[in-house]
Amino acid sequence: MGPVPCGFRAAPVGWDHGYSSRDTYTAHFHSEMAPNWLDFAALVKGHAPPRRREGASFRYLELGCGMGFGLCLLAALYPEGRFLGVDFHPDHIAHGRRLAETLGLENLRFQEADFVDLQADPSPLGFERGETGPYHYVAAHGIATWVVEPVQQALLAVASAALLPGGLFYNSYKTLPGWLPLTAFQQLVRLELQRGEPALPGEAFRRATATLASLLGEEGQATPLRNLLPTLSTELDDLRLDNVPYLLGEYDNAGWQPLYVAEMHQRCAAHKLRPVATANLPELFEELLPEPLRSQVNGEPNGLIRQTLIDLACARRFRRDLFARGSVRLSPDAWRRRLSGLRLRRRETPSRQDWRFRTSFGELSVPPAICEAMEAALAPGPRSLAELAEAIGQPPVEALRLAALLLHEERLGLDRGEAGAQAQAGCERANARLLQRMAEGWGYGSLAAPAVGSGVDCSLVEALCCQAPGQGPLGATEERWLLERLRELGARSASTANNDVKPVYALDEKTLYVVTAFQRDRLPFLQALGVVLARFQPRSPGHADA
Ligand SMILES: C[S@@+](CC[C@H](N)C(=O)[O-])C[C@H]1O[C@@H](n2cnc3c(N)ncnc32)[C@H](O)[C@@H]1O
């Protein structure tokens, strides 16, 4: 190693290859990683999904599973699947194992391993070097642009080797040009962290932000940096400087490097991984692009240039691309049959009545009459796509596009039918235990909804609503209990899925609204999706009032 500049500590060289291992990563569920979602995306693009039917058995590998929360939820939702989570951080693996045990999951295993070692010897994944891997799905969420290039190469090599022919690789990553402004922030943060001082990493983030703010100058001031990066100031304001573990996981990585789509696709191609679809569902439909971009994209025969054009025009920040190693294309007949048979169900009660859709292609609006007809058709229960097309009086492709937009906004779900019913008991047990852990202060933020094979948001206040002592509706006593618990937890007011940052000192209007809205709107919705909450179960006939 060359000389280290005075006052700076050496870049870490060790088991983490420069990845920020000083803290654990946050724990979230991402609906785009669910097998039925991945199948839907591949199917829309004409590729045979890895599972022939809902409920078929499969194997799923997550590379860089972090705390393992998302994988635990998937394992509860899909008891017919076998799941393996790999990460090199021992604290992540310890958390994942403990959580899987607590939730009573037997179809899930966690393995502490480094991608670089797995590339040389994949046997911990259940196959030998040179053999075809056994996985229908391999997922790497937020890994490829967080790690140094040799690790990225190893990740792609392992993903490719692990896949069955026709299997899907979900690879989500930060993209350019969307991340251009924050590259300035990341550069300064890394240098601040390497300074050796201060001991508290939060200080490095504050210093980097303050430095950039002064270089940007006041709003309206034409400084060179503000001229070049006019959105940087707002992006800095949006950073949550109090969430240091998250910021470290995001920015304190030697390999932090957003990529242009073509760079990533070329790197994947070197490992025989071909792009087949995206898990950002609206992006499956390039015809939704606004003009004149749509014509420009349509006129471009080169796939990589097409994708690059879209990313540049939309200033894209993040992609969730699906790759296959040897994909199987469906015949037009088989494609139509499978699409028509897809079953959808509502995820919202009551409806939002807002028919504008926010997508990376911009805001799209659909005529309210069509959306309302779709909603009405789904009100009695799940319907097939063919039935929905008929109900809204539109060609199947219109019904498909609208369904994709509604799925993207989580207003609809992909109905699991009998397979969802099979998962019900396991999800009931897992949810009860998750709620207990959330009430103890674990910020998981989702529960398992077996009817749609996906997670459903659950804020801290909502988790506490379910955990309040007693049975049945919540009243003044429970509200007082809730307030005490929130104070004890030093908690944050939660009006949305992810806990907000405002400390709770009193059950303010917003929180009370959550309690009211929870009982009126959320509870029926959660119950319809198969999220069983013991507190709100109908009492058995012999139950005596306490
Ligand atoms: C940005 S985090 C994303 C975690 C998780 N996928 C999520 O979205 O919550 C990157 C993850 O990759 C893991 N990781 C980084 N380099 C690795 C390597 N060489 N081998 C195995 N895991 C690695 C880290 O420990 C971390 O959990």
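As the structure is a computational prediction, the values presented were derived from the model and not from experiment. Just follow the structure's listing: the first ligand is 1, and inside any ligand the first atom is 1. The basis for the numbers below is simple: all heavy atoms, side chains too, and nothing from hydrogens, waters or symmetry mates. One is the number of the first residue; the rest follow in order along the sequence.
- Inspection of the S172 and H141 side chains reveals an N or O donor paired with an N or O acceptor under 3.5 Å.
- Partners of A154 under the side chain to side chain contact (heavy atoms under 4.5 Å, CB included) rule, at least two apart in sequence or in another chain, are F115, V116, Q119.
- Using a heavy-atom distance under 4.0 Å as the criterion, the protein contacts of ligand 1 are H17, Y19, Y25, T26, E62, G64, G66, D87, F88, H89, H92, A113, D114, F115, H141, G142, I143, W146, V147, V151.
- Side-chain N/O atoms of Q307 and E286 include a donor and acceptor closer than 3.5 Å.
- At least one donor-acceptor pair closer than 3.5 Å links the side chain of N107 to the backbone N or O of G81.
- Residues satisfying the side chain to side chain contact (heavy atoms under 4.5 Å, CB included) test with R98, not counting sequence neighbours, are T102, R437.
- Take R345 and apply the side chain to side chain contact (heavy atoms under 4.5 Å, CB included) test, not counting sequence neighbours, and it matches P382, D415, A451, V452, L529.
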